Amino acid sequence: MKKRYIYALPLFVIALVSCEPSFDNEINADTYTNGDADFSVYVAVGNSLTSGFMDGTIFKSGQQYSFPNILAKQFEVVGGGSFTQPSFEDDISNVGGLLLGGNQIPGVSTRLIMNMATSSPENIKGTPTIEVSKLQARAYNNMGVPNAKVFHLLLKGYGDIAGVANKTANPYFVRHATQPSASVLEDAMSMKPTFFTNWIGANDVLSYATSGGEGVDRVGNPDPRTYGGNDITDPGLFSVAYKQIVDGLTANGAKGVVATIPDVTSIPFFTTVPYNPITVELLGGPEKVDALNQFIGLFKQILGSQGQGDRLQLLSKNTPNPLLIQDKGLVDMAPVLKVALANAGLGLPQSAIDFIANAYGQARHATAKDLMLLTSKAQIGAAAFEPTGVELIDMLNVKGVTYPIGDQFVLNQVEQSTVKTATIAFNNIVRSVAADKNLAVADMNAILNKAVVGIKVADGQIYTADYFTGLGNLNKVMFSLDGVHPNARGYAFVATEILHVINKHYNAKIPLVNPGAYPGPTLLPSN
Amino acid sequence: MVKRIISLAMISLVASSAFAGGYRISMQGQRQLAMGHTGVAVIGNAETMFFNPAASVYLEDRFNFSAGMTALVADTKFQNETYNWENSTQNIGTPFYVYGSAKITDWLTAGLAVYSPYGSAVEWDRDWQGSHLVNNIDLKAIYFQPTIAVRIGDHFSFGGGPIYVNGGVEFNRNLSRSMTDESGNRTDVTIEAKGVHAWGYTAGFLVSLDEHFRMGLNYRSEIIMKADEGKAKFNDVPAFGKDMFVDGGIKASMPLPAELTVGASYEFNKWLFAFDYNRTYWRAYDALVIEFDNPAIGTSVNPRNYKDSSTYRLGMQYAANDKWDFRLGWYYDESPVQDGYFAPETPRNDSRAYTGGLTYTFANKFAVDFVVSYLHFSETNNSYDYYMEDGNPVSFGGTYLSSVFAAGLGLSYSF
């Protein structure tokens, strides 16, 4: 009797191992549904925001976190098929950047990392290995092309390698265009999408904004051949091109989501650097402030004679002081300054007077209404010229304090208003085209505006539109170190918002993603 | 997904694993377990050393020994429909006991009990969705309890003794929801505290109103397990964190809560009926606080906020003849975990247990006890809402469902 029990015990346990409890509502094949949409072939068109661009470039490990790639994984449970993205297998050291014929394409550097030794974002050390001339010649599910504006998606030859040098072609599209004469939309349509996302149009206004308003507002001029890279697209052209893209995507009955363009005021590239970071300590103490104020007082007096005295203000010893910036919208006071400085009896040679007058001709102190670009941070305190040995001149050699930071680092009020007008116009077009075709709209503009104060997601975390501030927001920062594009976590956040929209508009039930599990910035102890 | 048992040889002699509310294991006697783990008012065999030492003075034989071990399989399933998360974990445990008592005089009995009333072994898939709360935990505590029991008159006895506890814990979790090293491996920390010991006591009394009806009370004190020389080991730390997340010492403490049991039994012919009520003072477990010696890391405070909980137990025994005894039992065990504090390290809700067993006694008074029990934990949709991430509380939850199957073997001998 006893022995039999001893043998029975382990057998009993083994038998029970196979028994598992089961939920009242177990997740199964019926839990999630595709609703009114067919996700079998999902194609994403758009710009860098669709391509998986982050930290200033596309790099191999970052690309997998493109929002379309994240979405496609969620679509898998409701009939979604495979999802392909342009190959970045040649990004051997995972640093991004682009080469053309072995030479680095200017302005397309390695990805940004946070150097903890210097506490600043830097391009990671390393050499790009992504060669544009290695043509893949195939269409992908992810047709997001960095830098593309709305009309570029229709542009034949946008993927022709011969056009890279003179900038009529886009090196990213060149890498995978099915043929030199193909357009992005044609290649996208060759995939025969049943479902699409279309988030295009941001570059039509943002490149103007990120250039500090250096481009031209092309309102009323629908000919893109006359446009420069930083120009704002004519809303008329935008409307025609946008309709054509959506007409193409929906021609075979595909359903999809279009997304609106965010406001500059919700992007950390424009909101991170304060207009007034200059403290007494930075100026070198109260005595230095007095010396500088004598100098500023002289300028205020001269400018005041022309009714322009409020361009500058005396420095405060108690509150942070504004940056000195250049504003090309101002009347150039250099001629007035030249005369006045010559008469001031400073004992300066004419060349020095000319230099100072030219530097200050369109200078003013920034106000709370100016948006300092993220790129201005490196300008603050930097030297503007080689030291001359002349004390009075060299005193001017501190950018942002005594030498104006260039206009291209500031989005002033006039430029902001131009950007805002265009953004509203473009978003109205996006919404109206979507309404015509009964497409879902992911209002990224509204969502990111909410994120300025913070958006609380389902798990309780609050995500904001802030730049990386250090270990304090390491786990919740959504924007990559370039300040414009989301990081992996941010793209997961974008994917979640789009899933909400799809679930609602198409009566689908697709599981959401949790941004908290996605990585933030890359921190390195040194670079 | 499921941690299958590779070999039963893995069941070591050391007790671990868990169920019942929190990290209490109710498996301290095969005969009493078969009766729903009642026993505070039962005069059975040496198992009474645990259930109520006061009863040991009534044992008929001069020497009484009882030992047993249970093999249990604990299944927990987890799902979250919002994110399409599914996970499960299967863990085995082997709580054990060894009891012995000796009658010194007619009214005085001394004895020693060794048992494992607390433990928790849960191993989730590494880097699973809740890995920022726990990847795995293995908590063990063994009680050594010498007792004496004194009978005063025919109707009253009391007994008790000190308890020495030796235990340890190993706990691993990921440092955050997204941190990885440069190769993409999630950064994690293992907290280990071994050989932690502490003292407590137990005391109880038994009232025998007549030959049939008995009432008992037993109290086991709270014991705080304080680890002053624990270790923290960080794994897969990214280069930027190498200076901060350095392996080092930790201090932590964990309460093994006090437990009060009152109960009654009624014996009639070949039948014995027992009822026990347990109150476990789980409120002692308000937070798991881990103080890192490294000031750069500081103190990790993980609120638990357990509440006191009750267990209601019923059991019956039928003594068919001098060879065979049969037993059945049931109990209802309230979870001490409050809503919003449901952490996956002890993923268990209110439970109902169904138990049964039998004993075969050989002519030489050597007896073999066999018991099976099944615990079903109510499905619960719950979350842990107090994980702090960059200053904000972040919730992790879903639907949890657990069950435990156990089979145990015991040996008794008295003379």
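Everything numeric in this text was worked out from a predicted model, so none of it was measured. Order of the sequence lines fixes the chain letters, A, B, ..., with proteins taken first and strands second; residue numbering starts at 1 for each chain.
Neither the backbone nor the side chain of B:P238 comes within contact range of chain A, judged by heavy atoms closer than 4.5 Å. At a 4.5 Å heavy-atom cutoff, the contact between B:Y400 and chain A is made by backbone atoms alone. For chain A, no part of B:Y384 is nearby; none of its heavy atoms comes within less than 4.5 Å. Proximity to chain B (any heavy atom under 4.5 Å) is shown, for A:V457, by neither the backbone nor the side chain. Contact annotation for A:Y518: only backbone heavy atoms (N, CA, C, O) come within less than 4.5 Å of a heavy atom of chain B. Within the 4.5 angstrom heavy-atom criterion, atoms from both the backbone and the side chain of A:L471 approach chain B. In this structure, chain B has heavy atoms under 4.5 Å from both the backbone and the side chain of A:D24. Contacts between B:N80 and chain A at a heavy-atom distance below 4.5 Å involve the backbone alone (N, CA, C, O). Proximity to chain B is absent for every atom of A:K456, based on heavy atoms less than 4.5 angstrom apart. With a 4.5 angstrom heavy-atom cutoff, B:T82 touches chain A via backbone and side-chain atoms both.
In this structure, the side chains of B:S178 and A:R489 come closer than 4.5 Å at one or more pairs of heavy atoms. A 4.5 Å side-chain heavy-atom check between B:N84 and A:Y32 finds at least one atom pair inside the cut-off. Between B:E182 and A:T522 there is no side-chain heavy-atom pair separated by less than 4.5 Å. At a threshold of 4.5 Å between non-hydrogen side-chain atoms, the residues A:L524 and B:F240 do not count as touching.
At least one donor-acceptor pair closer than 3.5 Å links the side chain of B:Q79 to the backbone N or O of A:I27.
The CZ atom of B:R177 lies 6.5 Å from the CD atom of A:Q461; values are rounded to the nearest 0.5 Å. Note that the CD atom of B:E81 and the NZ atom of A:K509 stand 3.5 Å from one another [nearest 0.5 Å].
Annotation: maximal heavy-atom pairing with chain B below 4.5 Å, among A:G520, A:S61, A:P519, A:G516, occurs at A:G516. Of the residues considered (A:M116, A:K476, A:M114), A:K476 shows the highest number of contacts with chain B, using heavy-atom pairs under 4.5 Å.
The number of heavy atoms from other shown groups lying within 6.0 Å of CG (A:D90) is above 12. Open room surrounds NZ on A:K377; 12 or fewer heavy atoms of other groups in view lie less than 6.0 Å from it. Around NZ of B:K323, the count of heavy atoms belonging to other residues, nucleotides or ligands within 6.0 Å does not exceed 12.
Side-chain polar atoms of A:N475 and B:E389 form no donor-acceptor pair below 3.5 angstrom. For the 3.5 Å distance criterion, the side chains of B:D390 and A:N473 fail to qualify, holding no donor opposite an acceptor.
A:N514 and B:W85 get closest at one heavy-atom pair: ND2-CH2, 3.5 Å. Nearest heavy atom pair, residue B:Y83 against residue A:D459, reads OH-N, 4.3 Å.
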